Student: 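Structure in structure tokens, see below.
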Amino acid sequence: MGISFSGRTGRAPVRHFYTRDSWIDGRAEDQLAQVAGWSGMQSVAGFPDLHPGKFGPVGAAFLADRIYPQLVGTDIGCGMGLWRLDLPRRKLKLDKAAKRLEVLERGTDPAQAADALAAAGLTGQIGEAGLGTIGGGNHFCELQTVEETDGTAGLHKGDLCLLVHSGSRGYGAQIFDGLEDSWKAGFDPQSAAGNAYLALHARAVAWARLNRRLIAETAADALGTTVTPLCDSVHNSVVAHQGHWLHRKGAAEADRGLVPLAGSREAPSFLLALPDTVPEALSSVSHGAGRRYDRASMHGRVRKVRSELEALTRTRFGGRVICHDRDLLIEEAGPAYKAPEAVLADLTAFGLATPLARMVPLITYKTSGGQR
Ligand SMILES: Nc1nc2c(ncn2[C@@H]2O[C@H](COP(=O)(O)O)[C@@H](O)[C@H]2O)c(=O)[nH]1
Ligand SMILES: [Mn+2]
């Protein structure tokens, strides 16, 4: 990849990998420009799912010679995993399956969780509480069916898949809240604080990856079948890259093969192949459609009457949405997100991705309530 990012001073270049078709919020572009001025920033890339975030935009990658925990955010290790379910479509009864998925509320049984942590080398490093659970917000475990594919990823039309979106639950937030006050200016990678952060970050990433796998295995077991992994991609992280530090905030790893591009519960998701041939994209790519409307404004878009709320539990694909938390049901409704087709069109046009499969949701499992 013949480009080097060495020793820049001043404002870093900002590359936009989107067109106006992807409906970019101007506030997110302002955030991109702002972060480009942070000390030690080498290069910044914004993708078509770009939208405003708390400390910087989401749907972007940042290469710097300092470590900025705020560019990873609190949900360290959040990612998307895709598994093929070894179950034929004709054997799936939607309502029965939705009921069975309620096991996801319980999480992994403690003895099994302890074994899983030991196998992942995490014993004594990070706890088992919450392992095997999805968490709140826009995290989900979604049963999908493949509507179109070229067959190259081992998928066929009509196959069933599980797309799991979850992160490090409370651990990432605990790590972030426990940081030394100097985090705002970024950590010197050689400093004790920088190294301590990287060690905790590595645990949170490993825990989140394990959690997604346990969620998929628990869901498959509840459905009386098994799963075959297709890919698992982290989208909130910082890693060493070409002598600098690559922060991805809501951006998937384009240098690890396949990644899922999540749409919404009212839109298709895609499996992408990634050539990783555009150095300015910083080996990164969109992982989702990205928010169009923030959570607060979604409350003004849905009338809180029984018929409208019930309508939110059925999708245009004839699918089911399991979410007994009324606020979450509204805040995560399909229109909250941009069109994944537009995001995909931009990624393809910029040479960042090629679609291998298109899946639609059948059951979107969020939470049965209580926990956000
Ligand atoms: N297939 C589904 N995709 C969904 C759903 N809710 C949200 N999303 C997509 O996931 C990403 C997650 O974004 P993140 O920044 O929080 O990691 C988001 O951009 C949406 O496109 C869903 O229920 N099903
Ligand atoms: Mn996420």
Side-chain angles (χ1 to χ4, degrees), residues 22-23 25 28 47-54 56-61 71-82 134-147 161-169 172 204-205 208-209 211-212 232-237 248-253 259-272 284-295 298 312-317 319-323 325 328-344 347 357-367:
S22 285
W23 204 89
D25 185 325
F47 300 102
D49 55 327
L50 190 80
H51 57 281
K54 186 165 177 190
V58 183
L71 291 182
V72 176
T74 52
D75 198 3
I76 302 168
C78 191
M80 301 253 178
L82 186 69
I134 300 168
N138 59 0
H139 298 137
F140 57 85
C141 172
E142 191 167 85
L143 198 156
Q144 307 179 327
T145 184
V146 177
E147 285 232 316
C161 297
L162 287 173
L163 177 63
V164 179
H165 173 218
S166 192
S168 50
R169 307 290 323 272
V205 169
R209 228 186 251 289
N211 195 38
R212 288 189 290 277
D232 183 79
S233 171
V234 176
H235 51 246
N236 291 346
S237 68
R248 295 183 174 108
K249 177 61 181 165
E253 306 154 304
V259 308
L261 176 75
S264 76
R265 62 201 202 207
E266 283 285 355
S269 296
F270 299 88
L271 177 62
L272 307 180
S284 304
V285 71
S286 301
H287 75 293
R291 266 200 175 265
R292 181 173 180 134
Y293 299 119
D294 63 24
R295 294 208 160 91
M298 282 307 291
L312 292 181
T313 65
R314 290 283 186 276
T315 72
R316 70 187 173 96
F317 303 105
R320 310 286 188 267
V321 177
I322 313 300
C323 177
D325 176 330
L328 198 54
L329 189 64
I330 293 168
E331 292 162 8
E332 293 300 317
Y337 291 97
K338 305 190 209 186
E341 295 89 346
V343 169
L344 176 62
L347 295 178
R358 172 180 183 275
M359 295 85 70
V360 299
L362 294 178
I363 301 174
T364 303
Y365 196 92
K366 295 189 71 72
T367 167

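Residue numbers start at 1 and run along the sequence shown. Both counts, for ligands and for their atoms, begin at 1 and track the order of listing. Heavy atoms only: backbone and side chains are in, while hydrogens, waters and symmetry mates are out. Owing to the predicted nature of the structure, the values given are computational and were not obtained by experimental measurement.
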Student: Given H235 and R248, is the side-chain contact (heavy atoms from CB on, under 4.5 Å) satisfied, shown in steps?
Tutor: CA-CA 6 Å; H235 51 246; R248 295 183 174 108; 5.9 Å; no

Student: Please list the nearest protein heavy atom to atom 23 (O) of ligand 1 with its residue and the distance rounded to 0.1 Å.
Tutor: T364 CG2, 3.3 Å

Student: Between K366 and E142, is there a side-chain N and carboxylate O pair less than 4.0 Å apart?
Tutor: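 The answer is no: the pair does not qualify as a salt bridge.
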
Student: Carefully, step by step, assess Y337 and R292 under the rule side-chain contact (heavy atoms from CB on, under 4.5 Å).
Tutor: CA-CA 5 Å; Y337 291 97; R292 181 173 180 134; 5.8 Å; no

Student: Closest heavy-atom contact between P361 and S264?
Tutor: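 Closest heavy-atom pair between P361 and S264: CG-O, 4.0 Å.
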
Student: So that I can check it, does any N, O or S atom in H165 come closer than 2.8 Å to the Mn ion (ligand 2)?
Tutor: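 Short answer: yes, at least one N, O or S atom is under the cut-off.
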
Student: For the residue pair S168 and A208, what are the closest heavy atoms and their distance?
Tutor: N-CB, 3.9 Å

Student: Looking only at protein heavy atoms, which one is nearest to atom 12 (C) of ligand 1, and what is the separation?
Tutor: H165 CE1, 3.4 Å

Student: May I ask you to list the atoms of ligand 1 that are less than 4.0 angstrom from any heavy atom of V58?
Tutor: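 It comes down to these atoms of ligand 1: 15 (O).
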
Student: Please could you name the atoms of ligand 1 that S269 approaches to less than 4.0 Å, counting only its heavy atoms?
Tutor: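 Every atom of ligand 1 under 4.0 Å from some heavy atom of S269: 1 (N).
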
Student: Write down the atom of A289, the atom of V343, and the distance for their closest heavy-atom approach.
Tutor: O-CG2, 3.6 Å

Student: To which protein heavy atom is atom 22 (C) of ligand 1 closest, and what is the distance rounded to 0.1 Å?
Tutor: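 Nearest neighbour among protein heavy atoms for atom 22 (C) of ligand 1, to 0.1 Å: R265 N, 3.4 Å.
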
Student: Can you tell me if D49 has a non-hydrogen atom under 4.0 Å from ligand 1?
Tutor: no

Student: Would you say A289 has any N or O atom under 3.5 Å from an N or O of ligand 1, going by distance alone?
Tutor: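 Yes, there is a polar N/O contact under 3.5 Å.
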
Student: Please say whether R291 places an N or O atom under 3.5 Å from an N or O atom belonging to ligand 1.
Tutor: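 Not met; the criterion fails.
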
Student: Could you point out which residue of V146, T145, T315 forms a side chain to side chain contact (heavy atoms under 4.5 Å, CB included) with V360?
Tutor: T145

Student: Report the C-alpha separation of M80 and V259 in whole Å, then their side-chain angles, then the decisive distance to 0.1 Å, and conclude whether the side-chain contact (heavy atoms from CB on, under 4.5 Å) test is met.
Tutor: CA-CA 8 Å; M80 301 253 178; V259 308; over 6 Å; no

Student: Specify the closest pair of heavy atoms between R212 and V164, including all atoms of both residues, with the distance to one decimal.
Tutor: CD-O, 3.8 Å

Student: Based purely on interatomic distance, does H51 place a nitrogen or oxygen under 3.5 Å from a nitrogen or oxygen of ligand 1?
Tutor: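 No - when backbone and side-chain N and O of H51 are compared with those of ligand 1, no distance drops under 3.5 Å.
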
Student: Is there a polar contact between ligand 1 and M80, counting only N or O atoms under 3.5 Å apart?
Tutor: no

Student: List the closest protein heavy-atom neighbour of atom 16 (O) of ligand 1: residue, atom name, distance to the nearest 0.1 Å.
Tutor: N138 ND2, 2.6 Å

Student: With respect to the Mn ion (ligand 2), what is the nearest N, O or S atom of H235?
Tutor: NE2

Student: At what distance, to the nearest 0.5 angstrom, does CE of M298 lie from OH of Y293?
Tutor: 8.5 Å

Student: Please name the pair of heavy atoms, one in L50 and one in A60, separated by the smallest distance, quoted to 0.1 Å.
Tutor: CD1-CB, 4.1 Å

Student: Do you know which two heavy atoms are closest between E266 and F317, and how far apart they sit?
Tutor: C-CE1, 3.5 Å

Student: S264: heavy atom below 4.0 Å from ligand 1, yes or no?
Tutor: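 Yes.
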
Student: Going by the closest heavy atom to atom 15 (O) of ligand 1, which one wins out of K366, H287, Q144?
Tutor: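 Nearest option to atom 15 (O) of ligand 1, by heavy atoms: H287.
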
Student: Where is the nearest protein heavy atom to atom 4 (C) of ligand 1: which residue, which atom, and how far?
Tutor: F140 CE2, 3.3 Å

Student: Nearest non-hydrogen contact with atom 8 (N) of ligand 1 belongs to which option: G263, P340, P361?
Tutor: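 It is G263 that holds the nearest heavy atom.
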
Student: Could you tell me, atom by atom, which parts of ligand 1 come under 4.0 Å of a heavy atom of H235?
Tutor: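 Close to H235: 17 (O).
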
Student: Apply side-chain contact (heavy atoms from CB on, under 4.5 Å) to residues L143 and Y365 and explain how you reach the verdict.
Tutor: CA-CA 8 Å; L143 198 156; Y365 196 92; over 6 Å; no

Student: Quick one: does G250 get an N or O within less than 3.5 Å of an N or O on ligand 1?
Tutor: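 No: no nitrogen or oxygen of G250 is under 3.5 Å from one in ligand 1.
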
Student: Identify, for atom 24 (N) of ligand 1, the protein heavy atom at the shortest distance, and state residue, atom and that distance.
Tutor: E142 OE2, 2.8 Å

Student: For atom 19 (O) of ligand 1, what is the closest protein heavy atom, and at what distance to 0.1 Å?
Tutor: G290 N, 2.9 Å

Student: How far is atom 18 (C) of ligand 1 from its nearest protein heavy atom, and which residue and atom is that?
Tutor: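 Minimum-distance protein heavy atom for atom 18 (C) of ligand 1 reads Y337 CE2, 3.4 Å.
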
Student: The Mn ion (ligand 2) to H287: any N/O/S contact under 2.8 Å?
Tutor: no

